[in-house]
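Have a look at the structure below, then the notes.
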Amino acid sequence: MASERYNARSVEQKWQQRWEEENIFQTNTVPDGDKETYYVLEMFPYPSGRIHMGHVRNYAMGDVIARYKRAKGFEVLHPMGWDAFGMPAENAAMQNKTHPKSWTYQNIASMRSQLKSMGLSLDWSREFATCDESYYAQQQKLFLDFMKADLVYRKNSKVNWDPVDMTVLANEQVIEGKGWRSGAEVEQRELTQWFFRISDFSEDLLESLNGLDQWPAKVKLMQANWIGKSKGLAFDFGVKDAPAGFEVLPIYTTRPDTMFGPTFAAIAADHPLAKELEKTSEGVAEFRKQCAAMGTSAEDIEKAPKLGIDTGLKVTHPADPAWELPLYIANFVLMDYGTGAVIGCPAHDQRDLDFARKYSLDVIDVFVPVGSDERVGNTAFVPAKTDTVEYVCWLGEAGTIQTCQEAIDTTLETFEAKGWGQPKTEYKLRDWGASRQRYWGCPIPVVHCETCGVVPEREENLPVVLPEDVSFEVPGNPLDHHPTWRNVACPSCGKPAKRETDTMDTFVDSSWYFARFTDPKSPTPTNVTAANRWLPVDQYIGGIEHAILHLLYSRFFARAMSIAGHMDIQEPFKGLFTQGMVVHETYKSSDGDWLQPIEIDIIGEGAERSARHAVTGDPVVIGGIEKMSKSKRNTVDPDDIIATFGADTARWFVLSDSPPDRDVIWTEAGVEGAHRFVQRIWRLVHSVATRPENAGRDDANLKLSKSAHKTLARIDEMIPGLRYNSAVAQIYSLVNEIEQVQKSDTVATDTLNMAMAMTIQMIAPMMPHLAEECWKALNLEGMVSTTAWPELDESMLVEESITLPVQINGKKRGEITVPQELDKQGVEDIVLLEHFVQNALSGKTPKKIVVVPGRIVNVVV
RNA sequence: GCCCCCUUGGCGAAAUUGGUAUACGCAGCAGACUUAAAAUCUGUAGGUCGAAAGACCGUGCCGGUUCAAGUCCGGCAGGGGGCACCA
């Protein structure tokens, strides 16, 4: 029995079944009065078909904290669901003639059973998919509530339009300016679309980041940059001989100190004035068409060559109406930011300078480096706001030396005092365009009536259900082509009207699912009591790729839902952890085809390391280490790993070695190493369990007890901080020690059993099946999954004496062992007696002795 | 283009957040057990010099602050990620 190898497959299935039978992971929707709650949530998966190693890592990480908190006595909510709407289902429908719905639910079914084989401590009774009617019905209610609260509105905005497929394309469907399926030149089109008023919350969303002390600093920084708060100057240029209604051109700048060096003004191609001028100017019409052919992404716009067209109009400087500047339409001006119009100060902005040189415009230096006569050539002089420069033509006072910020402040004051403009705060954050011209999404519950206009659907008519009899044969949105679905009575006047055929962005679905999990069967979007009790999510875990949009939209939704009375929570996620990716080497055949890891054999190592095809023996090129992806075929199927080594091995491996927020490189050797550890624990447990009674020696017993409690103290620190790789290292050290001492009879069997039981409890959150089996083998009561976490005995952490490193001039030269509570003077006295210190001093008095209690001693000679 | 992150032995990494650099693991090497292999166990291991004791060097590169820098500051290089309709 003791020599049997641990059979992960059968053991894991056994315990998974037992956990399920006993319902130990089910949570009360409204927990008992005083039990502390803990909500741990991993970002729910898109049901693409199979789980991948990234999922394994994500859910293993969340499961550790869920199991740990449960053992610590918390009522833990740990749910799972599916982010199930989205484009891939429609692509599959077009390619494989399946229906998005059946494709999605089939994927969910197979991924659910894969996740179950991981042994996650999930409350499956709360599972839902966002494409479930019961979920999106509630989302439609939210949408109507948001309409009532004026949190959503319609406006025009641009989309990528494929003129051949007659469809709107996502940015990722535009490849080098062409539609991915049709290959047609993509153009920009304006559509009237639904928007959430997230920008009204810019200041709140920015300011509240300060309170999120359990979020990674980098995510907060990314969000702050995204919100993009800036303080600047708003003012009006006059437009000479302007078309009616365009006599005044509002402009916003964050560098008002450059207001004395502009040489042109420019407006966006979509600026109302540009549209007006198009009517009378063929050149403008042509230029606007050219801009429409440009991509819509920020990258496309920034990287495109800077182009413009002179409108022939002149604008007048607010400080001096006699100062006239040419007005251009330029492709680098964004209609969405500020007023869609800029002043160009070429001397102090590289983009403006490039533009000025291209169109032979003047360059006026406003300031120069202090003491420099040099004027701007082809490189703009762009100092930071805090840099000190010499102003040569600023507010008419040449030679003023000060920081740019001071000049900005003075300019703002002066402009305001003279009535030329006002200080203004702007945000880059734009309203959230939530309309999608697609089938597989949540229908927007509104009706277009010729008489009443845009009318919200009546609540009693919800949900607006997606029709299932749709065809993907015809290009475009299937909802538009459906013979009857659009036809509906106007909710207001009852006359025949048409349904909105846009569906919601899938980010809407994922912006409130965390709230729905607190009571997924509620007939209203949330059960307010349950939501307030459980939210905010205590620990949210997911990929860094969601650092901005998903998290920002969810933060907006929490606010919007609170306004609409669905909960009373501003911030949805109290703690956030962003995990790294699972990456793997890539392999290519000599023909340039990507090969899967299982298709190749590795030969040799180090510089000698090479690969060949497992079957044909052909040489294989070893490529870079990249994110596991279908296209590079560098994936490892979790199913294969679980079948071969068991879920515990897979879980242990993804938690070991790499810090959770960094990428982990999947290697075969690493997995085997993890599996060896599983077997080692199993052998050790048997050897401890079958050991004869023995009293051991007091000092050895105490030493082992101390080690166990010291390890416990560290694990208690590391698990809540998700420092799993460090926790794993601590466990290895303790296991090494137990292995050593159990060979001799210096340690009592009782003490060994105690240390072993504690070790199993510490391993349990990471390798729960192995832990249960070991728990049983040690004849311990119940299941480890329902056993309270071991109590830490603080007295075991106290050491009587301590070893301090001793440095001479900052270099370690020896160490001393002193009583724990010895004071600084006592340490100094002992140090000075050490012969290596005396040698270094050679009779002199040290200049200084630095004693950091409990840490280090440094003698400065 | 803009923004962000990362860089420590052969490899993944640790370092109590300014205090003994390389814990723990992987791969390696040597040995034990074995007819043999696997599995397992023991030992070894940053570099250079040295028989050894030990000395010097060492956290991508250059400079700074400090008694003390992997950690803080300034500059540079290399690698990776995001950029609003992928989720």
task = Would you check if Pro346(A) and Phe355(A) make a side-chain contact, meaning some heavy-atom pair closer than 4.5 Å?
result = no
inquiry  = I want to check something: taking the side chain as every heavy atom from C-beta on, are Ser707(A) and Leu734(A) in contact at a cut-off of under 4.5 Å?
reply    = yes
For RNA chain B, the residues among residues 431-440 of chain A that have a non-hydrogen atom under 4.0 Å from it =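 Hits under 4.0 Å, by residue number: Ser435(A), Arg436(A), Gln437(A), Arg438(A).
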key: Close approaches to RNA chain B from residues 846-853 of chain A, in residue order (heavy atom, under 4.0 Å)   =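 When residues 846-853 of chain A is checked for heavy atoms under 4.0 Å from RNA chain B, the hits, listed by number, are Lys848(A), Val850(A), Val852(A).
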Minimum heavy-atom distance between [X] and [Y], given as atom pair plus value:
X         : Y         : value
Leu684(A) : Ile738(A) : CD2-CG2, 4.0 Å
Arg855(A) : Pro805(A) : O-CD, 3.2 Å
Ala89(A)  : Thr104(A) : CB-OG1, 3.7 Å

Which nucleotide in [options] has an atom nearest any side-chain atom of [X]:
X         : options                : result
Tyr732(A) : G25(B), A39(B), A87(B) : G25(B)
Lys428(A) : A84(B), C4(B), C41(B)  : A84(B)
Ala669(A) : A27(B), A23(B), C85(B) : A27(B)
Thr506(A) : U20(B), A87(B), C41(B) : A87(B)
Lys218(A) : A84(B), U20(B), C4(B)  : C4(B)
Asn736(A) : A68(B), C85(B), G25(B) : G25(B)

Quick check, are the ring centers of [X] and [Y] under 6.0 angstrom apart?
X         : Y         : value
Tyr540(A) : Phe577(A) : no
Phe645(A) : Phe653(A) : no
Tyr732(A) : Phe677(A) : yes
Phe514(A) : Phe44(A)  : no

For RNA chain B, the dot-bracket pattern of Watson-Crick and G-U pairs whose distances stay under 3.5 Å, | for other-strand partners = (((((((..(((......[....))).(((((.......))))).((((....))))..(((((..]....))))))))))))....
ask   = Do Asn858(A) side-chain atoms and Gly810(A) backbone N/O form a donor-acceptor pair below 3.5 Å?
value =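 At least one qualifying donor-acceptor pair exists.
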request  = Would you kindly check whether a donor in the side chain of Glu668(A) faces an acceptor in the base of C26(B), or vice versa, at under 3.5 angstrom?
outcome  =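 There is none.
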message = Is it the case that C67(B) (base atoms only) and Asn858(A) (side chain only) share a donor and an acceptor within less than 3.5 Å, ignoring hydrogens and angles?
response =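 When only heavy-atom distances are counted, Asn858(A) does reach the base of C67(B) through a donor-acceptor pair under 3.5 Å.
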Describe the nucleic acid contact of [X] in one word from base, sugar-phosphate, nothing, applying a heavy-atom distance below 4.0 Å.
X         : answer
His550(A) : nothing
Lys220(A) : nothing
Gln223(A) : nothing
Val168(A) : base
Ser656(A) : nothing
Phe677(A) : nothing

inquiry  = I'd like to know if Glu799(A) pairs up with Lys710(A) as an ion pair, taking the criterion as any Lys NZ or Arg NE/NH1/NH2 lying under 4.0 Å from an Asp or Glu carboxylate oxygen.
reply    = yes
key: Carboxylate-amine/guanidinium contact Asp505(A) Arg436(A), below 4.0 Å   = yes
Measure the distance from [atom1] on [X] to [atom2] on [N] and round it to the nearest whole Å.
X         : N      : atom1 : atom2 : result
Trp652(A) : C24(B) : CH2   : P     : 14 Å
Ile548(A) : C3(B)  : CD1   : C1'   : 8 Å
Lys812(A) : G54(B) : NZ    : P     : 12 Å
Trp226(A) : C5(B)  : CH2   : C1'   : 17 Å
Phe836(A) : U20(B) : CZ    : P     : 15 Å
Ile856(A) : U20(B) : CD1   : C1'   : 6 Å
Arg813(A) : C67(B) : CZ    : P     : 19 Å
Asn91(A)  : C85(B) : CG    : C1'   : 13 Å

Would you indicate, yes or no, if [N] has its OP1 or OP2 atom less than 4.0 angstrom from a side-chain nitrogen or oxygen of [X]?
X         : N      : result
Gln740(A) : U42(B) : yes
Lys743(A) : U42(B) : yes
Arg676(A) : A27(B) : yes

Where the chi angle of G43(B) falls, syn if within 90° of 0 and anti if not =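 That one's anti.
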inquiry  = Just confirming the chi classification of U65(B), syn or anti, using 90° around 0 as the syn window.
reply    = anti
message = Between Ala674(A) and Gln193(A), which residue's closest nucleotide on RNA chain B lies nearer the 5′ terminus?
response = Ala674(A)
message = Quick check: on RNA chain B, is the nucleotide nearest Glu815(A) upstream (toward 5') of the one nearest Asp663(A), or the reverse? Name the residue that is more 5'.
response =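 With Asp663(A) and Glu815(A) compared, the 5'-side residue is Asp663(A).
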What protein N or O atoms touch nucleotides 14-17 of chain B N or O atoms at under 3.5 angstrom, if any, and at what distances?
residue	atom	partner	partner atom	Å
A14(B)	OP1	Asn725(A)	ND2	2.9
A15(B)	OP1	Arg723(A)	NH2	2.8
U16(B)	N3	Arg855(A)	NH1	3.3

query = Under 6.0 Å from the six-membered ring centre of Tyr427(A) and within 45° of its axis: does the NZ or CZ of Lys229(A) meet both?
reply =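 Not flagged: Lys229(A) not positioned over aromatic ring of Tyr427(A).
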query = Taking atom C1' in both U59(B) and C6(B), what distance in whole Å separates the two?
reply =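 About 14 Å, rounded to a whole number of Å.
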For residues 661-676 of chain A, please give each side-chain donor-acceptor pair under 3.5 Å, one per line with the distance, not counting sequence neighbours.
residue	atom	partner	partner atom	Å
Asp663(A)	OD1	Met581(A)	N	2.8
Thr667(A)	OG1	Gly670(A)	N	3.0
Glu668(A)	OE2	His584(A)	NE2	3.4

Partner residues of Ser656(A) under the side chain to side chain contact (heavy atoms under 4.5 Å, CB included) criterion, sequence neighbours left out = Trp652(A), Val728(A)
